[in-house]
Enquirer: 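Got a structure for you, written out below as structure tokens; questions coming shortly.
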Amino acid sequence: MSITASPPAVRSIYLPRSPCGTPRVRMTVRSNAVTVVPILTKLQKDCATPLPVLRHVADAMAADMRAGLAVDGGSDLKMILSYVDSLPTGNEKGLFYALDLGGTNFRVLRVQLGGKDERVVATEFEQMSIPQELMFGTSEELFDFIASGLAKFAQEEGGKFHLPHGRKREIGFTFSFPVKQTSIDSGILMKWTKGFAVSGTAGRDVVACLNEAMERLGLDMRVSALVNDTVGTLAGARYWDDDVMVAVILGTGTNACYVERTDAIPKLQGQNSTSGRTIINTEWGAFSNGLPLTEFDRDMDAKSVNPGEQIFEKTISGMYLGEIVRRVLLKMAEAGALFGESVPENLCTPFVLRTPDISAMQQDTSQDLEAVESILYNVAGVKSNLSMRKIIMDVCDTIVKRGGRLAGAGIVGILQKMEEDSKGLIFGKRTVVAMDGGLYEHYPQYRRYLQDAVTELLGWEISKNVVIEHSKDGSGIGAALLAATNSQYEHDF
Ligand code: BGC
């Protein structure tokens, strides 16, 4: 990092006037750049993820997985049974719908499946954003909104899509929040995550909530599979590639699922599936063991709608990276006069700096960091010179590096646990980890840091066999495929 600090003019000043309500403090400073450096240095130190830290995280992830499989509530990781015991084979046929609620958008999709030869004959989807007020409204309001989006979409069916006479349209419902599944087509919402705080859903069967909303609208469709987005992604990726064993979402939130042996799940108490395998939804966003956290993470958590929860998610996922950077910049502005005499007012607004903004800044390779300059100005109303912009880039890099590397360590934890239980299952052959989510898709630095951590932890020889692969929007088709596998109608696959 290079800082073009002016000659150290030691003077006694009041720190910048902050519009965020932080009291003004009198202290001796040299120049803005110089006082910012210790904040950056401490941040880098607190966020550091050298190999021993990564190793500890991977080991702790594996240990927490075992504890969560032993007994419900045994660890931070819920290790939820998905009731998905058989994965798509490629033979699935017919028209199926998928409904995907998991973040700021919700998607509806239909797919006409043509079996082994024709595979995906046709697919159509639509995406709608969830109005902000619905994230804090009532359960009825949210599910009515979803059901009416689905009804509108279903009305437009035609062309290559065909439903045999006398059948109901079947839906694979991807609901990407912690749900305690009670069967393949029912499950109780344990809690909301990702900033949702809808009243009246936690503790209820979310399929019943959707069914009631569909009834209110007179929409006659049937949910035949309720799945988490990780499970949908695994199913969707497995449809094309038999070596897929793990799926990870890195988007607004984060989570991972994997294929587990039923005899390695003590809490199943001997209830074996016919395949001897099942998919476990880890809900790894709740992991918290041994993470390198900072004062900024702790403050953000304390002010969140779910304090003390989803700590891994708050450290590595897309909803939070931009917000952590904003908090660091605010401290640099208030305590280090990063932006001179005053603190830019917009910087006081939580979540004003989004992860896509910091990603866009990190893609700027111009000498003057012109894109960084305009993003800072447009998003946060911040006027900056080159030395400030370089510091800001270092802050982004520090937070993103920690996130990507910890995500990589989490993946290794899962692979390690699988390998420990069945020698050679993972490390002796090609193994695919299917990845999806906007953060993974759109943030090349994050992806690189993740891959680096996996390679560092596994070593070159083993990591050559571990293929971390983007499976774009696999979860929609995956949910539709699982609706097909669990169809109430006779099928010839
Ligand atoms: C939810 C998971 C979900 C993940 C990714 C988390 O906040 O708890 O169920 O899979 O986000 O969407």
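We count ligands from 1, going down the list as the structure has it; atoms in each ligand are counted the same way. Position 1 is the first residue of the sequence, and the numbers go up from there.
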Enquirer: Evaluate the salt bridge (Lys or Arg N to Asp or Glu O under 4.0 Å) criterion for residues D46 and K42: first the C-alpha distance (whole Å), next the side-chain angles of each, then the deciding distance (0.1 Å), finally the verdict.
Expert: CA-CA 6 Å; D46 292 348; K42 180 164 186 334; 2.7 Å; yes
Enquirer: Below 4.0 Å from any atom of ligand 1, is there a heavy atom belonging to G285?
Expert: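 No; G285 lies far enough from ligand 1 that no heavy-atom distance drops under 4.0 Å.
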Enquirer: Starting from atom 9 (O) of ligand 1, find the nearest protein heavy-atom neighbour and note its residue, name and distance.
Expert: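 Ranking protein heavy atoms by distance from atom 9 (O) of ligand 1, first comes E283 OE2, 2.6 Å.
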Enquirer: Say whether D229, considering both its backbone and side-chain N or O atoms, lies within less than 3.5 Å of an N or O atom on ligand 1.
Expert: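 D229 vs ligand 1: N/O contact under 3.5 Å present.
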Enquirer: Where does the angle between the aromatic ring planes of F175 and F143 fall among parallel (under 30°), tilted (30 to 60°) and perpendicular (over 60°)?
Expert: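 The rings of F175 and F143 lie parallel, inter-plane angle below 30°.
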Enquirer: Please indicate whether any nitrogen or oxygen in N281 is less than 3.5 Å from any nitrogen or oxygen in ligand 1.
Expert: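 No - when backbone and side-chain N and O of N281 are compared with those of ligand 1, no distance drops under 3.5 Å.
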Enquirer: Are the charged groups of K417 and D421 less than 4.0 angstrom apart, N to O?
Expert: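 Between D421 and K417 there is a salt bridge, with a charged N closer than 4.0 Å to a carboxylate O.
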Enquirer: Please identify which atoms of ligand 1 are closer than 4.0 Å to at least one heavy atom of P178.
Expert: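 Those qualifying, in numeric order: 8 (O), 9 (O).
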Enquirer: As an exercise, state the distance from NZ of K180 to CG of L189, rounded to the nearest 0.5 Å.
Expert: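 Here the interatomic distance stands at 13.5 Å.
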Enquirer: Nearest protein heavy atom to atom 11 (O) of ligand 1, by residue and atom, and its distance?
Expert: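 Of every protein heavy atom, K194 NZ, 3.1 Å lies nearest to atom 11 (O) of ligand 1.
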Enquirer: Would you call R402 and D297 a salt bridge, using N to O less than 4.0 angstrom?
Expert: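 Salt bridge: yes.
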Enquirer: Can you name the atoms of ligand 1, numbered from 1 with element, that are less than 4.0 Å from a heavy atom of N228?
Expert: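 Listed by number with element, the hits are 2 (C), 3 (C), 9 (O), 10 (O).
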Enquirer: Going by the angle between their ring planes, with limits at 30° and 60°, are Y446 and Y443 parallel, tilted or perpendicular?
Expert: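 Tilted.
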Enquirer: Would you mind checking which non-hydrogen protein atom is closest to atom 6 (C) of ligand 1, with the distance to 0.1 Å?
Expert: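 For this ligand atom, the closest protein heavy atom is E313 OE1, 3.1 Å.
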